[in-house]
Amino acid sequence: MSAPGNKDIPFAVSGATGAMGGRMAARLADLGYRQRLVVRDASRAPNLPNADAAEASYGDPEAMRKALEGASTFFMVSGGEANDRVRQHTDAVDAAVAAGVERIVYLSFLGAAPEATFTFARDHWHTEEHIRNSGARFTFLRDSLYLDFIPGMAGSDGIIRGPAGEGRVAAVARDNIADAAVAVLTSGAHDGRAYDITGPERIPLRQAADELSRITGRSISYYSETLQEAYESRKDYGAPEWEVEGWVTSYKAIAAGELDVISGAVSELTGHPPMSLADFLGQHPESYRHLLDR
Ligand SMILES: NC(=O)c1ccc[n+]([C@@H]2O[C@H](COP(=O)([O-])OP(=O)(O)OC[C@H]3O[C@@H](n4cnc5c(N)ncnc54)[C@H](OP(=O)(O)O)[C@@H]3O)[C@@H](O)[C@H]2O)c1
């Protein structure tokens, strides 16, 4: 199928072994597009019609340049959290431009800003800035917290613990993000835009716990930790300080109101409304199974 762009391969999709990139690759294949899957391990690349895989990681610019050669649009999934993620991302963007990529659609995060409370959202802002200045056409998809993650926030003890206070978040399902992203990719009309991609309802985590109680038939609660309690309760995970900071500040950003955002982008881009938490739980019983196995 034809698509915006002048190269033989309309789309290159990174992170195709993961949840978002995998959804994107499957949707583009269903639409009949030719694509290059940019993966770190080709043996784990999805097997899709009109797709070939090239191995590259963001930290290897030469491999990235080769992997992206011949592609018009690069759908760039943000990489796994790392202390040097911004450098990895900027290297990957430079490699894309060197390969002749014309457009980069970057999966960013809601509220990406240099001083965002959520420290990982700062990486997204620095990546966006680099893309803005790269010379490539671009669109940023700033997704909210994944709705898919909400059931997993409750531990097997049935408690969601975090320093989110009574702050609200309009979490969005990965499937809705992928639908919106495909609409952007397959049209040439979104250059220079940044879209907030959110769910339909701003809810406090206490309400998310109530929703989980309703669907599981078990009492699920929310405990609003103090910041001190949040660092303390995560200290035994053995994670480096920057990572714990990212985890704790994801809740702190909710408390600060930085994720208290609803946008109409999913409906506008896809023609259908995004899922609510109740919709998601109804469709994905596997997401809360850990709360049933006691
Ligand atoms: N909005 C949210 O709530 C939220 C939550 C968590 C994360 N995120 C961000 O959103 C991204 C996509 O989410 P997802 O659900 O698709 O995550 P995912 O299922 O973990 O998939 C991440 C994908 O990115 C690839 N990847 C990671 N680091 C890379 C690197 N340095 N170079 C090249 N490829 C790399 C992974 O490859 P391998 O299979 O080889 O590991 C995988 O295919 C995440 O990577 C993270 O940055 C967002």
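Quantities reported herein were computed from a predicted structural model and do not represent experimental measurements. As the structure lists them, so they are numbered: ligands from 1, and atoms in each ligand from 1.
- Of the polar atoms of Gly79, at least one N or O is found under 3.5 Å from an N or O of ligand 1, judged by distance alone.
- Neither the backbone nor the side chain of Phe120 comes within contact range of ligand 1; no heavy atom lies under 4.0 Å.
- Geometrically, Arg85 engages Phe120 in a cation-pi contact, judged by NZ or CZ lying under 6.0 Å from the ring centre and within 45° of the ring axis.
- Applying the 4.0 Å criterion to heavy atoms of Arg85 picks out, from ligand 1, the atoms 47 (O).
- The residue from Ala19, Ser78, Ala178, Gly246 that puts a heavy atom closest to atom 47 (O) of ligand 1 is Ser78.
- At a heavy-atom distance under 4.0 Å, no atom of Ala92 approaches ligand 1.
- Ring centers of His89 and Tyr106: under 6.0 Å apart, within the cut-off.
- Proximity to Gly18 (heavy-atom distance under 4.0 Å) selects the following atoms of ligand 1: 19 (O), 21 (O), 42 (C), 43 (O).
- The shortest side-chain heavy-atom distance between Phe11 and Arg103 falls under the 4.5 Å cut-off.
- Shown in contact with Leu145 at under 4.0 Å from a heavy atom are these atoms of ligand 1, numbered in order with element: 3 (O).
- Atoms of ligand 1 found under 4.0 Å from any heavy atom of Val77, numbered from 1 in the order shown, are 11 (C), 12 (C).
- Of the protein's heavy atoms, at least one falls inside 4.0 Å of atom 28 (N) of ligand 1.
- You'll find the ring centres of Tyr237 and Trp247 inside the 6.0 Å limit.
- Ligand 1 has a nitrogen or oxygen under 3.5 angstrom from a nitrogen or oxygen of Thr17.
- Ring pair Phe109/Phe118: centre-to-centre distance below 6.0 Å.
- Using a 4.0 Å cut-off to heavy atoms of Met20, the atoms of ligand 1 that qualify are 14 (P), 16 (O).
- Of the possible donor and acceptor atoms, one in the side chain of Glu55 sits under 3.5 Å from a partner among the backbone N and O of Ala42.
- Of all protein heavy atoms, the one lying nearest to atom 23 (C) of ligand 1 is Gly15 CA, 3.7 Å.
- Which parts of ligand 1 touch Gln88 is read off a 4.0 Å heavy-atom cut-off, strictly below it: atoms 31 (N).
- Close approach of ligand 1 to Glu81 (heavy-atom distance below 4.0 Å) involves ligand atoms 7 (C), 46 (C), 47 (O).
- Put simply, atom 41 (O) of ligand 1 has protein non-hydrogen atoms near it, under 4.0 Å away.
- In this structure, Asn50 contributes its side chain and Gln35 its backbone to no donor-acceptor pair below 3.5 Å.
- Near Gly80, the atoms of ligand 1 lying under 4.0 angstrom from a non-hydrogen atom of the residue are 27 (C), 28 (N), 45 (O).
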- Item | Residues Glu69, Lys66; criterion salt bridge (charged side-chain N to carboxylate O under 4.0 Å, His left out); working and verdict | CA-CA 5 Å; Glu69 259 168 18; Lys66 282 195 189 130; over 6 Å; no

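- Under the 3.5 Å distance criterion, the side-chain polar atoms of Asp148 are matched with a main-chain donor or acceptor of Arg174.
- Nearest to atom 1 (N) of ligand 1 among the protein's heavy atoms is Asp143 OD1, 2.9 Å.
- Distances from atom 36 (C) of ligand 1 to the heavy atoms of Met64, Arg40, Arg23 show the closest one on Arg40.
- In summary, the side chains of Asp84 and Gln88 do present a donor paired with an acceptor at a separation below 3.5 Å, with no hydrogens or angles considered.
- Among Tyr146, Phe109, Tyr58, the residue whose heavy atom sits closest to atom 10 (O) of ligand 1 is Tyr146.
- If you check the side chains of Thr73 and Glu102, you find no donor sitting under 3.5 Å from an acceptor.
- None of Leu141, Val182, Ile104 except one satisfies the side-chain contact (heavy atoms from CB on, under 4.5 Å) rule with Phe75; the exception is Leu141.
- The single protein non-hydrogen atom nearest to atom 5 (C) of ligand 1 is Phe149 CE2, 3.2 Å, given as residue, atom name and distance.
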